[in-house]
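All residue numbers refer to positions in the sequence shown, counting from 1.
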Amino acid sequence: MSRDPVQSAERPTDDGAAPPGDAEAPFLDLLARGATADAYEQPVLRARAEGRPAERIAALEHAKLLALRVRAELEGRRRREAELSALFETAHDLAGLRDVDAVLQAIVQRARSLLGTDVAYLSLNDPVRGDTYMRVTEGSVAARFQQLRLGMGEGLGGLVAQTARPYVTDDYFRDERFRHTTTIDAGVRDEGLVAILGVPLMLGPHVIGVLFAADRRARVFEREQIALLGSFAALAAAAIDTANLLTETRSALADLEHANEIIKDRSGVIERASDVHDRLAELVLRGGGVHDVAAAVSEVLDGTVEFTEADAAPADALEASRAEGHAVPHRDDWIAAVAAGGELLGALVLRGHPGLDPVDQRTLERAAMVTSLLLLARRSAAEAEQRVRGELLDDLLDARDRDPRLLRERAARLRADLDATHVVLAARLDTSAPDADHEADARRRLWFAASHLAATRQGLAAARDGGTVLLLPLAPGDTATDLARRTARHLGTAVHEPVTVGASAPVAHPAADPDAVVAGYEEGRRCLDALRLLGRAGDGAAAEDFGFLGLLLAGDRDIGGFVERTIGQVVAYDARRGTDLVRTLDAYFACGMSPARTKDALHVHVNTVAQRLERVGRLLGDDWQSPAHALEIQLALRLHRLAAPAQS
């Protein structure tokens with residue numbers, strides 16, 4: 001007989017107490033069953049209806065929030081996986097293209113499904129009539145809409161076709177950017193469309209059509225959705241281009257049927273193109289990397305193909321390849337731009353191959369397109385990891401009641417050890433941006449550089465308070481000061497701007513003591529402010545580097561922290577042992593650091609004074625009587641004495 005998992009998880013043990021850890025059980029069951037978000041309220045409502053203790057209900061509320069976050073993360077990952085899978089499937093369809101209409105229909109269907117819109121459609125330009133007409137629709141119900149033709153510059157689609165730029169509107173009829181015509185508006189109104197996104201289908205510099213996604217309600221399309229539709233548009237254009245290429249090939253074979261030898265040579269080239277398409281599709285499906293693609297194309301083209309960063313490729317040839325959408329020759333090499341959504345990601349370079357068959361040239365171009373898809377997938381995964389690292393650090397800084405066990409588990413998935421000693425670092429750009437856009441771009445670059453550093457150092461990073469906060473492990477023998485200076489140099493080099501970094505004192509167990517992480521962040525920020533006030537922009541330092549000067553320079557003075565860092569061990573020793581080391585230090589400095597006068601002030605033997613001062617030296621370090629250190633100790637003693645009445 002089956003049991004209700006919620007009731008089963010709510011059942012108490014024999015002594016009336018709920019079994020430990022059972023608050024998560026009903027929500028784990030809901031996660032396993034893929035339940036809706038509303039279902040996660042049921043365990044809490046049931047517990048309240050049954051009159052369960054407040055502690056039990058609070059535990060269920062906490063478990064519910066965690067489960068909903070896990071559910072949201074899983075849904076986000078499923079969505080991203082679905083997007084990449086659809087792109088890869090479409091690329092695979094393109095590799096084995098037989099029917100261009102079927103491929104275009106599949107692209108429109110997948111675009112509608114992944115963007116979650118009511119309608120998706122694709123139009124193609126008619127160079128004879130000078131307009132653009134509907135070719136494929138998905139989700140459309142109005143016949144007049146399906147037969148629309150848009151003149152260049154008319155409506156949203158006509159403007160996209162004319163300008164070769166994507167356009168988006170959350171309310172088409174209220175948007176005065178577009179030239180509204182009676183025919184177009186009537187068709188759009190028949191279909192009931194409100195929010196529309198259109199991206200151009202490009203073959204080289206030429207627009208051959210427009211791919212649309214539209215909703216029958218007001219909606220704001222996100223940047224990622226615009227980029228995704230742009231990727232589908234690139235595939236649609238490639239499908240049309242490939243179909244045209246196949247048509248041209250068939251025509252050429254028909255015209256040259258009498259030239260048997262030429263046909264054989266052409267057949268060999270096409271077989272090689274088909275072979276590389278199959279190889280590339282296989283690489284995509286099994287999760288191959290950029291260099292795997294280059295190796296596969298090298299073998300097929302009988303040459304050396306390399307992937308290079310955009311700044312390492314010949315600039316003129318790279319820009320020409322991106323503008324034309326084709327591989328271009330450069331001396332004895334061929335350059336194929338690797339781009340996505342207008343962003344230049346790098347280049348595929350075929351070395352030492354001055355002569356290249358057109359089909360082999362197209363093969364190199366297809367490889368560049370597959371490379372761009374792989375780079376986008378890798379970037380998506382990296383950005384997801386950066387967000388997870390930032391969320392974990394935000395939880396450490398904002399939610400101090402987090403379960404240490406859950407924090408450790410989340411950190412372990414990111415290869416971070418929150419039981420090791422860490423340092424909290426506050427980093428900020430020290431440059432004046434000409435406008436808000438430049439400043440936002442500089443902050444984004446700092447965030448990406450900090451996230452990359454955190455990932456390579458098994459630490460965490462998050463954007464915060466107009467800058468970036470990092471939690472990095474402290475290596476044995478290293479100091480917080482050294483770590484702060486290295487971090488400032490590393491980030492400054494990465495973003496090409498001076499970056500100032502303030503560091504906290506080491507935090508021993510961040511997972512077990514989130515309060516120490518919060519205090520460390522405040523300490524790092526005060527250190528950062530002190531550096532900037534001292535004119536040390538672009539440098540790094542820790543709180544211990546400033547001593548009491550940090551109290552004078554920082555806006556939020558941490559008097560208690562200064563006293564604890566300076567004489568805390570002496571105060572703690574007196575509290576544990578019942579000794580008078582603090583009083584002895586006060587008398588010693590008051591008597592001009594003379595042991596003889598100190599023993600008179602304390603009415604003890606001079607040997608007692610010497611023994612106490614020796615103990616102080618072991619607690620504070622051998623240099624405690626140096627002028628700088630002695631000054632800080634005297635200030636800390638004065639502050640400790642002033643604070644004593646308030647503490648009593």
Side-chain angles (χ1 to χ4, degrees), residues 419-424 474-484 503-509 512-513 515-516 519-520 522-523 526-527 530 541-552 554 557-648:
D419 286 320
T421 299
H422 285 65
V423 173
V424 185
L474 187 65
D478 206 357
T479 66
T481 299
D482 293 337
L483 182 58
S504 72
V507 180
H509 301 286
D513 190 7
D515 283 340
E522 294 302 325
E523 187 176 46
R526 287 192 295 272
C527 184
E544 61 189 18
D545 297 325
F546 295 100
F548 73 90
L549 288 176
L551 297 177
L552 303 176
R557 294 175 173 81
D558 182 14
I559 294 175
F562 171 72
V563 172
E564 173 63 27
R565 289 192 301 272
T566 307
I567 62 171
Q569 293 190 61
V570 176
V571 174
Y573 189 88
D574 277 352
R576 288 195 310 270
R577 303 292 183 89
T579 54
D580 279 330
L581 296 186
V582 171
R583 192 162 67 93
T584 301
L585 272 177
D586 262 331
Y588 180 64
F589 286 118
C591 295
M593 301 176 70
S594 167
R597 289 199 295 270
T598 302
K599 61 99 174 173
D600 293 335
L602 296 176
H603 306 292
V604 297
H605 195 276
V606 69
N607 290 341
T608 302
V609 174
Q611 291 169 1
R612 291 179 181 178
L613 295 179
E614 182 181 356
R615 172 62 63 183
V616 168
R618 286 200 293 269
L619 292 172
L620 300 184
D622 294 337
D623 66 336
W624 73 275
Q625 297 190 75
S626 65
H629 202 167
L631 178 60
E632 291 188 357
I633 293 171
Q634 291 178 72
L635 177 59
L637 288 169
R638 177 69 61 86
L639 293 172
H640 178 67
R641 187 163 60 251
L642 291 172
Q647 296 171 352
S648 59

Write down the atom of [X], the atom of [Y], and the distance for their closest heavy-atom approach.
X      : Y      : value
Thr421 : Pro506 : CG2-CB, 3.6 Å
Arg597 : Cys591 : NH2-O, 2.9 Å
His629 : Asp623 : ND1-OD1, 3.3 Å
Ala480 : Leu474 : N-CD1, 4.1 Å
Ala505 : Glu523 : N-OE1, 2.8 Å
Val563 : Ala636 : CG2-O, 4.0 Å

State which residues pass side-chain hydrogen bond (donor to acceptor under 3.5 Å, both in side chains) with [X]; sequence neighbours excluded, sorted by chain then number.
X      : result
Thr579 : Asp574
Arg576 : none
Asp600 : none
Thr584 : Arg612

Q) Does CG in Asp622 sit with more than 12 non-hydrogen atoms of other residues, nucleotides or ligands closer than 6.0 Å? A) no
Q: Not counting sequence neighbours, which residues clear salt bridge (charged side-chain N to carboxylate O under 4.0 Å, His left out) with Asp586? List them please.
A: Arg641
Q) Does Thr566 offer a backbone N or O that forms a donor-acceptor pair with the side chain of Glu632 under 3.5 Å? A) no
Q. Does Ser504 use its side chain to pair, donor to acceptor, with the backbone of Val424 at less than 3.5 Å?
A. yes
Q.
side-chain contact (heavy atoms from CB on, under 4.5 Å), that's the test. Do Leu581 and Leu619 meet it? Break it down for me.
A. CA-CA 10 Å; Leu581 296 186; Leu619 292 172; 3.9 Å; yes
Q) Got a second to check how far Leu602's CG is from Asp580's CG, nearest 0.5 Å? A) 8.0 Å
Q. So how far is it from Gln569 CD to Leu620 CG, rounded to the nearest 0.5 Å?
A. 7.0 Å
Q) ring pair (Phe, Tyr, Trp, His ring centres under 6.0 Å): which pairs involve residues 575-626, sequence neighbours left out? A) Tyr588-Trp624
Q. When you look at Val507 and Asp513, which way does the side-chain contact (heavy atoms from CB on, under 4.5 Å) test go after all the steps?
A. CA-CA 9 Å; Val507 180; Asp513 190 7; 5.7 Å; no
